[in-house]
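One structure below.
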Amino acid sequence: MDSLSQIVLGGAIAAAVVPAIHRRAALLAGAALGTLPDLDGVLIAAFSDNPVTLMTLHRSASHSLLVLPLLGALIWWLFRRFGHGRVAAAPQRWFWAIELALVTHPLLDAFTVYGTQLWWPLRPHPVMWSSVFIIDPLYTVWLLLGCGVAWFARSRPLARHALVAGLVLSSGYLGWSLLAKSRVDHEAGRALAAMGLGDAPRFSVAMPFNTLLWQVVAMTPSGYVIGERSLIADRGPMTFSSYPSNVQALRQAAEIPAVARLQWFNRGFMRTQVQDGQLVLSDLRMGMEPDYTFSFAVAQAHGDGWQAIAPQQLRPSYRQAGNRGVLKQRLAQLWQRIWREPVAETTATTTGQRPPMP
């Protein structure tokens with residue numbers, strides 16, 4: 001999630017746990033602890049300029065549930081042993097304040113689609129519950145209000161009531177996001193089964209800034225299909241549009257380290273293209289067709305195969321000079337899509353038939 005959400009989550013939890021007299025200090029300490037795991041990006045960038053490394057090492061060791069409790073215990077011990085202040089005065093409450101402020105950071109990140117390596121150094125696929133967008137005001141606002149009230153109310157009972165209310169409402173919103181996702185997954189499963197893609201690898205993800213509009217991506221033998229679902233407007237079966245991907249080139253380059261690393265990190269949800277003789281991989285989990293946030297040139301054509309190159313991250317078109325208005329236009333279209341179901345098109349994919357095979 002975004003830094004503000006992590007800051008107010010850490011601050012709210014810590015301030016709700018410690019004695020009332022320590023509340024303001026806990027708001028500051030929890031905010032610092034809540035954002036601490038994301039400093040890994042700075043550390044990784046200091047040792048590598050490889051964009052694939054930067055992407056796939058972020059949210060790894062610093063977000064591990066096997067690492068953070070130990071780090072929290074160390075921080076607590078240092079402040080209790082050498083601080084002789086608030087932590088020493090209420091050690092048990094401060095222990096849990098520190099631990100919870102740290103551990104809730106990766107748990108919240110896991111609700112996004114990016115991928116969080118909760119079990120590092122073990123190597124299962126990164127966790128991606130993908131039920132909220134990385135920035136969602138309806139999650140953050142309750143925690144922000146709770147922390148604001150607690151800052152001014154200090155040790156009064158109102159402060160704790162506001163913090164608890166903020167935590168309950170924000171957690172309730174996450175619960176709603178999982179319920180919304182399950183509804184979308186159910187509808188997507190029915191539509192994909194009718195297309196002969198019931199067993200295809202797929203994921204669903206909340207669209208930017210809301211949990212009312214969702215996107216579902218499923219991989220096919222020749223590429224992938226994308227469908228949208230508005231929980232407000234849509235009533236009929238989900239419809240999907242088909243897009244190509246150079247699956248043959250991906251198979252040929254599978255042993256290249258950057259390709260293998262990305263395949264593990266994003267579970268194979270990638271678009272493969274050949275552009276000017278280079279192999280370009282785009283992470284389908286983040287972005288909107290045809291532009292994706294993370295696209296990398298990872299190999300150069302060499303004879304009948306591919307030769308690894310130093311990975312280069314490519315900018316999506318909406319981030320290029322002269323295209324700033326494109327993003328605003330797309331966000332406006334997304335907002336309209338929440339409230340309006342598009343007219344069905346008479347194509348193979350929208351009528352529930354299987355997309356053409358290669």
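Positions are given from 1 along the sequence.
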May I ask you to say whether [X] pairs ionically with [Y], meaning some side-chain N is under 4.0 Å from a carboxylate O?
{"X": "Asp185", "Y": "Arg202", "value": "no"}
{"X": "Arg337", "Y": "Glu228", "value": "yes"}
{"X": "Asp234", "Y": "Arg340", "value": "no"}

Under a plain distance cut-off of 3.5 Å, with no hydrogens placed, do [Y] and [X] share a side-chain donor-acceptor pair?
{"X": "Lys181", "Y": "Ser131", "value": "no"}
{"X": "Ser245", "Y": "Arg271", "value": "no"}
{"X": "Thr112", "Y": "Arg59", "value": "yes"}

### Summary
Here the side chain to side chain donor-acceptor pair (under 3.5 Å) pairs for residues 29-44, sequence neighbours left out, are Asp38-His63, Asp38-His105, Asp40-His58, Asp40-Ser62
### Message
Applying side-chain hydrogen bond (donor to acceptor under 3.5 Å, both in side chains), can you list everything that pairs with Ser295, at least two apart in sequence or on another chain?
### Response
Ser282
### Task
Just jot down the side-chain hydrogen bond (donor to acceptor under 3.5 Å, both in side chains) partners of Trp176, sequence neighbours excluded, or say none.
Thr211
### Query
Do Val17 and Leu100 touch side chain to side chain, with heavy atoms closer than 4.5 Å?
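Answer yes - side chains close enough.
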### Contact check, side chains of Leu108 and Val132, non-hydrogen atoms, under 4.5 Å
no
### Query
Once you round to the nearest 0.5 Å, how far does CG of Leu284 lie from CD1 of Ile226?
6.5 Å
Search all heavy atoms of [X] against all heavy atoms of [Y] and return the closest pair with its distance.
{"X": "Ser204", "Y": "Val216", "answer": "CB-CG2, 3.8 Å"}
{"X": "Pro208", "Y": "Leu334", "answer": "CD-CD1, 3.7 Å"}
{"X": "Arg156", "Y": "Phe152", "answer": "NH2-O, 3.9 Å"}
{"X": "Ile256", "Y": "Gln307", "answer": "CD1-C, 4.3 Å"}

### Message
A cation-pi test, strictly: NZ or CZ of Arg24 under 6.0 Å from the centre of the six-membered ring of Trp151 and no more than 45 degrees from its axis. Yes or no?
### Response
yes
### Task
Going by the ring pair (Phe, Tyr, Trp, His ring centres under 6.0 Å) test, name the single residue among Trp129, Phe265, Phe133 that passes it with Tyr114.
Phe265
### Task
Start with the C-alpha gap between Ser155 and Arg23, add the side-chain angles, then the distance that decides, and say whether side-chain hydrogen bond (donor to acceptor under 3.5 Å, both in side chains) holds.
CA-CA 7 Å; Ser155 60; Arg23 191 158 287 139; over 6 Å; no
### Query
With under 30° as parallel and over 60° as perpendicular, where do the rings of Trp339 and Trp335 fit, or are they tilted in between?
perpendicular
### Query
Going by the angle between their ring planes, with limits at 30° and 60°, are Tyr173 and Tyr139 parallel, tilted or perpendicular?
tilted
Can you give each donor-acceptor pair under 3.5 Å made by side-chain atoms of residues 246-253, sequence neighbours left out, with the distance rounded to 0.1 Å?
{"unit_1": "Asn246", "atom_1": "OD1", "unit_2": "Ala249", "atom_2": "N", "d": "3.0"}
{"unit_1": "Gln252", "atom_1": "OE1", "unit_2": "Trp306", "atom_2": "NE1", "d": "3.2"}

### Task
Not counting sequence neighbours, list each pair that qualifies as a ring-ring contact (aromatic ring centres under 6.0 Å, His included) and has a residue in residues 23-50.
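Not a single pair qualifies under ring-ring contact (aromatic ring centres under 6.0 Å, His included).
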### Task
Sequence neighbours left out, what passes side-chain contact (heavy atoms from CB on, under 4.5 Å) with Arg190? Give chain and number order.
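With neighbours one apart ignored, the set is His186, Glu187.
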